[in-house]
Amino acid sequence: MKNLVNESRQRLAWSQQKLADELGVSRQTIISIERGRFDPSLPLAFRLAAIFDSTIEELFFPDDRP
């Protein structure tokens, strides 16, 4: 699954650590999500979307999306 977490985080001018602290996860979790190595749980995806004032569908999408 692809995502726009990195771009969304940078728009807020937040570090990976700041985002991790806001979500109560490790910085490594944020790195893994941004690199597409880890798909977050649904509750975490909802929290990410809320932080970025977005929907899950706007933030995460299948690899085959054009």
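Remember, it's a predicted structure, so these values are computed and weren't measured experimentally.
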Problem set entry | Set of residues satisfying side-chain contact (heavy atoms from CB on, under 4.5 Å) with respect to Ile31, sequence neighbours excluded | Gln16, Arg27, Gln28, Arg35

Problem set entry | Euclidean distance, Met1 CE relative to Leu59 CG, rounded to 0.5 Å | 10.0 Å

Exercise. Does the pair Asn3 and Leu48 meet the rule for a side-chain contact (heavy atoms from CB on, under 4.5 Å), with working shown?
Worked result: CA-CA 11 Å; Asn3 67 72; Leu48 279 162; over 6 Å; no

Exercise. Atom CD1 in Ile56, atom CZ in Phe46: separation rounded to 0.5 Å?
Worked result: 3.5 Å

Exercise. Just how far is it from atom CG of Leu4 to atom CZ of Phe60, taken to the nearest 0.5 Å?
Worked result: 9.0 Å

For this session: Report the residues that fulfil salt bridge (Lys or Arg N to Asp or Glu O under 4.0 Å) with Glu22, sequence neighbours left out, ordered by chain and then residue number.
Result: Lys18

For this session: Sequence neighbours left out, what passes side-chain hydrogen bond (donor to acceptor under 3.5 Å, both in side chains) with Ser54? Give chain and number order.
Result: Glu58

For this session: Could you list all the salt bridge (Lys or Arg N to Asp or Glu O under 4.0 Å) pairs where at least one residue sits in residues 6-16, not counting sequence neighbours?
Result: Arg9-Glu34

Seminar exercise, completed: d(Leu23 CG, Ile51 CD1) to nearest 0.5 Å is 4.0 Å

Problem set entry | Counterpart residues, side-chain contact (heavy atoms from CB on, under 4.5 Å), relative to Asp21 (two or more places apart) | Gln17

Problem set entry | Test side-chain contact (heavy atoms from CB on, under 4.5 Å) applied to Val25 and Ile33, Leu19, Leu44, the passing residue | Leu44

Problem set entry | Set of residues satisfying side-chain hydrogen bond (donor to acceptor under 3.5 Å, both in side chains) with respect to Arg37, sequence neighbours excluded | none

For this session: Kindly write out the residues that satisfy side-chain hydrogen bond (donor to acceptor under 3.5 Å, both in side chains) with Ser32, not counting sequence neighbours, or none if the list is empty.
Result: none

